[in-house]
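Beneath this line is the structure, given in structure tokens, with notes to follow.
Positions are given from 1, in the same order as the sequence printed here. What you are looking at is a predicted structure, and each value in this text was computed from that prediction instead of being measured.
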Amino acid sequence: MSVPTGSAWHGAMRSALEQAVLARSTGDVPIGAVVISPRGETIGLGHNRREADADPTAHAEVLALRAAAAAGGEWRLSGCTLVVTLEPCTMCAGAAVLARVERVVFGAYDEKAGAVGSLWDVVRDRRLNHRPEVLGGVLGEESTALLDAFFADRRDQPGGSALDF
């Protein structure tokens, strides 16, 4: 079976972008994620809820992985794909490895905290027992634009700073 190209993931990334918009409505950084089953079905959705839930682990990827595991009744998400609007951080990259997803597809690169190739490369570390495939930059411009608008709005607010995130 051949690995789908970036354009094959546009639909799933659009779903992740819809989730990201939901995060923005609660004051959270607009990051969204979906988990796609081996059959191509969406089995997990998530968007950042750190601010909404006062939970440092409530990242879009973690919430989508939890939802997918609950839907399938199994923590192993073998054959599944995690699709997320921003390159995962170290926690989320580690969660993807531990969940045994087959691949990670992301939109925008994160030069400051990305752990899927930009700053670190957790998912391809040969010392780990599982290494998902990675496809970056899928609808990256749309993902970046959403993040840029969010942080511009934060800076424009009285006393606002983008450094809180």
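Of all heavy-atom pairs between Cys80 and Ser37, the closest is SG-CA, 3.9 Å. Pro132 and Val101 make their closest contact through CB-O, 3.5 Å (heavy atoms, listed as atom of the first residue, atom of the second, distance). A pairwise comparison of heavy atoms in Pro56 and Arg50 identifies O-CD, 3.7 Å as the closest pair. Counting all heavy atoms, side chain and backbone alike, Ala64 lies closest to Gly46 at CB-N, 3.8 Å. Closest non-hydrogen pair, Val83 versus Ala16, comes out as O-CB, 4.0 Å. In terms of heavy-atom proximity, Glu61 sits nearest to Cys92 at OE1-SG, 3.3 Å.
At distances below 3.5 Å, at least one donor-acceptor pair connects side-chain atoms of Asp28 with backbone N or O atoms of Glu51. The main-chain N or O of Gly32 is found under 3.5 Å from a side-chain atom of Thr85 such that the two form a donor-acceptor pair. A side-chain donor-acceptor contact under 3.5 Å links Arg100 to the backbone of Leu98. Using a distance-only test at 3.5 Å, with no hydrogens or angles considered, no donor-acceptor pair links the side chain of Asn48 to the main chain of His59.
Shown here are the salt bridge (charged side-chain N to carboxylate O under 4.0 Å, His left out) partners of Arg49, two or more places apart in sequence or in another chain: Asp53. Remark: Asp125 engages Arg127 in a salt bridge (charged side-chain N to carboxylate O under 4.0 Å, His left out) (not counting sequence neighbours).
Taken together through direct or relayed side-chain contacts under 4.5 Å among Ile, Leu, Val, Met, Phe, Trp and Tyr, Val62 and Ile31 form parts of separate hydrophobic clusters. By the rule that hydrophobic residues join a cluster once side-chain heavy atoms approach within less than 4.5 Å of another member, Val116 and Leu82 end up as members of separate clusters. Under the 4.5 Å side-chain heavy-atom criterion for Ile, Leu, Val, Met, Phe, Trp and Tyr, Val34 and Trp9 are members of the same hydrophobic cluster. A single hydrophobic cluster is not seen to contain both Val84 and Leu22; linkage of ILVMFWY side chains at heavy-atom distances under 4.5 Å, directly or through other members, places them apart. Placement of Val105 and Leu45 within a single hydrophobic cluster is found when ILVMFWY residues are connected by side-chain heavy-atom separations under 4.5 Å, directly or transitively.
Side-chain contact between Thr57 and Met91 is present, with at least one heavy-atom pair separated by less than 4.5 Å. Under the 4.5 Å side-chain criterion, counting only non-hydrogen atoms from C-beta, Leu17 is in contact with Leu146. Residues Leu65 and Val35 are in side-chain contact: their nearest non-hydrogen atoms beyond the backbone lie under 4.5 Å apart. Side-chain contact between His10 and Leu139 is present, with heavy atoms from C-beta onward closer than 4.5 Å. By the 4.5 Å heavy-atom criterion applied to side chains, Leu119 and Thr90 are not counted as neighbours.
A side chain to side chain donor-acceptor pair (under 3.5 Å) check over residues 104-116, counting only residues at least two apart or in different chains, returns nothing. The stretch residues 134-145 participates, sequence neighbours left out, in no side chain to side chain donor-acceptor pair (under 3.5 Å) pair at all. Sorted by first and then second residue, the salt bridge (Lys or Arg N to Asp or Glu O under 4.0 Å) pairs involving residues 7-19 (not counting sequence neighbours) form an empty list. Contacts classified as side chain to side chain donor-acceptor pair (under 3.5 Å) and involving residues 64-79 (residues at least two apart or in different chains) are given here: Glu74-Arg76.
The CD1 atom of Ile36 sits 3.5 Å away from atom OG1 of Thr42, with the distance rounded to the nearest 0.5 Å. Going from atom CZ of Arg24 over to atom NE2 of His47 covers 14.0 Å, rounded to the nearest 0.5 Å.
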Exercise for review: Decide yes or no on side chain to side chain contact (heavy atoms under 4.5 Å, CB included) for Arg131 and Val97, but give the supporting numbers first.
Suggested key: CA-CA 6 Å; Arg131 289 179 295 281; Val97 169; over 6 Å; no
Review point. Given the rule in the side chain to side chain contact (heavy atoms under 4.5 Å, CB included) test, do Val138 and Phe106 qualify, once you have shown the distances and angles that lead to the verdict?
Key: CA-CA 6 Å; Val138 176; Phe106 68 89; over 6 Å; no
Exercise for review: For side chain to side chain contact (heavy atoms under 4.5 Å, CB included), just list the numbers for Arg155 and Phe150, CA-CA rounded to whole Å, side-chain angles, deciding distance to a tenth of an Å, and then say yes or no.
Suggested key: CA-CA 9 Å; Arg155 285 188 294 274; Phe150 173 81; over 6 Å; no
Exercise for review: Go through the steps for Leu147 and Val29 under the test side chain to side chain contact (heavy atoms under 4.5 Å, CB included), then give the verdict.
Suggested key: CA-CA 7 Å; Leu147 290 162; Val29 177; 3.6 Å; yes
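A donor and an acceptor atom, one from each side chain of Glu87 and Ser118, are located under 3.5 Å apart.
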